[in-house]
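We use all heavy atoms of the structure for the numbers below, so side chains are in, but hydrogens, waters and symmetry mates are not. Both ligands and their constituent atoms are indexed starting at 1 by order of listing.
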Amino acid sequence: MSSLALFDPEIFDLINKEHKRQVEGLELIASENVVAREVLEAMGTILTNKYAEGYPGKRYYGGCEFHDKIENLARDRLCALFGAEHANVQPHSGSQANEAVYLSFLKPGDKIMSQSLNNGGHLSHGDPANISGKYYDVSFYGVDFDSEVLDYGAIEEQARKYKPDLIVCGASAYPREIDFKAFAEIAEDVGARSMADIAHISGLCCTGLHNSPVGVTTYTTSTTHKTLRGPRGGVIMCNKEYAGAIDRAVFPGMQGGPLMHVIAAKAVCFREAGTEEYKTYAKQVVKNCKALAQGLEDNNFRLVSGGTDNHLCLVDLESYHISGQEAEVILGKAGITVNKNTIPRQSLSPFETSGIRVGTPTITSRGMKEEECRQIADWIAEAIQKRESDSALAEIKKEVSTLCLKYPLYPEIRTL
Ligand code: DSN
């Protein structure tokens, strides 16, 4: 960092401030993580200097011989990790991976069925504000009102009536296991293709902690930076028969040059995700989330669906008479970062929200375990109860920081 400090002290200073924030604060955003030092190293390399439009062995620029090897390693490692026949590692994000799947076989006006944003789905699954909702005709399914879990019978009935071309499953705020086989069967019955977006849970799917849709649904998309703990980016997996159409949809359909420094970092992440150490990590993510959920329930919070099977919980704030928006700010003052989130039985507007989403991927990467998760649940309750008192929030922030300093992001480097 020294030449950056000399050349651009403003940016250097802001990076340092963000580093301090990450080191001293509790990051409970369910979609974030702390990448391995080796992932950071691969991203910060001269690979960013190169254009490599096309695919290994078929590029539109000279000088791609090492890039071909890097991309092949990334593709092969991803296929091995998930047992996939084909992988495309070029999508710049999960949203672009999803859009590429749509582009690979749908025409504008074709029909998609997907989980609504309010019920835990994602913008890129056909929300009216997103390009997917503008180009395609979308019918949303939700969760059952009472149980707040997916009702596969109701989804099947909806699919029979709506006759979609594609059924999208997978979510960004759903705390329970998703039955990908059930979705694939419903799609097959109505003559549709199926796409599972496992952005949140890919680290659980590749370690057997959640059933995997790879080879079950027609397409599987994911980001690489959530539970999978890699660089920010997306991937697509499918069987060989769809490989050509998917590759053409990513390039030249959606994107130009791939981010080769990110693809190298993805390859490092896939290598890491295949280790026993990573499997132990993924198991702990789930154990920690269950401990956090229990701690929240012990503090009189209601959890959507009554608990969690994965890395996140959705917390209904009604018993504390506070909106998600306010809770996000209050907890921020106490050094705890969460995001406001809509919940199925929401009474407040989608901007205010009646809930928050909390997840354990980051704190688990730092080495925290069940005991710390119970403590975090107590702090969340205490901060919300004492929200009128700045001094009480500052006191919690100090305790949070003391805990966090015991679990550094990168143990050997405490400060930049
Ligand atoms: N923004 C991601 C999340 O937080 O779930 C999804 O794109």
Margin query: So is His200 touching ligand 1 or not, going by heavy atoms under 4.0 Å?
Written below: yes

Check: Any protein heavy atom lying closer than 4.0 Å to atom 1 (N) of ligand 1?
Finding: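 No.
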
Atoms of ligand 1, numbered as shown, that sit under 4.0 Å from any heavy atom of [X]:
{"X": "Ser172", "result": "5 (O)"}
{"X": "Ser31", "result": "3 (C), 4 (O), 5 (O)"}
{"X": "His122", "result": "6 (C), 7 (O)"}

Donor-acceptor side-chain pairing of [X] and [Y] below 3.5 angstrom:
{"X": "Ser389", "Y": "Lys386", "answer": "no"}
{"X": "Asn130", "Y": "Ser132", "answer": "yes"}
{"X": "Thr360", "Y": "Asn288", "answer": "no"}
{"X": "Asn211", "Y": "Asp179", "answer": "no"}

Margin query: Against the six-membered ring of Tyr407, is Lys369 placed for a cation-pi contact (under 6.0 Å from the centre, within 45° of the normal)?
Written below: no

Notebook entry, point to check: With a 4.0 Å heavy-atom cut-off (strictly under), which part of Arg357 contacts ligand 1: side chain, backbone, both or neither?
Noted result: side chain

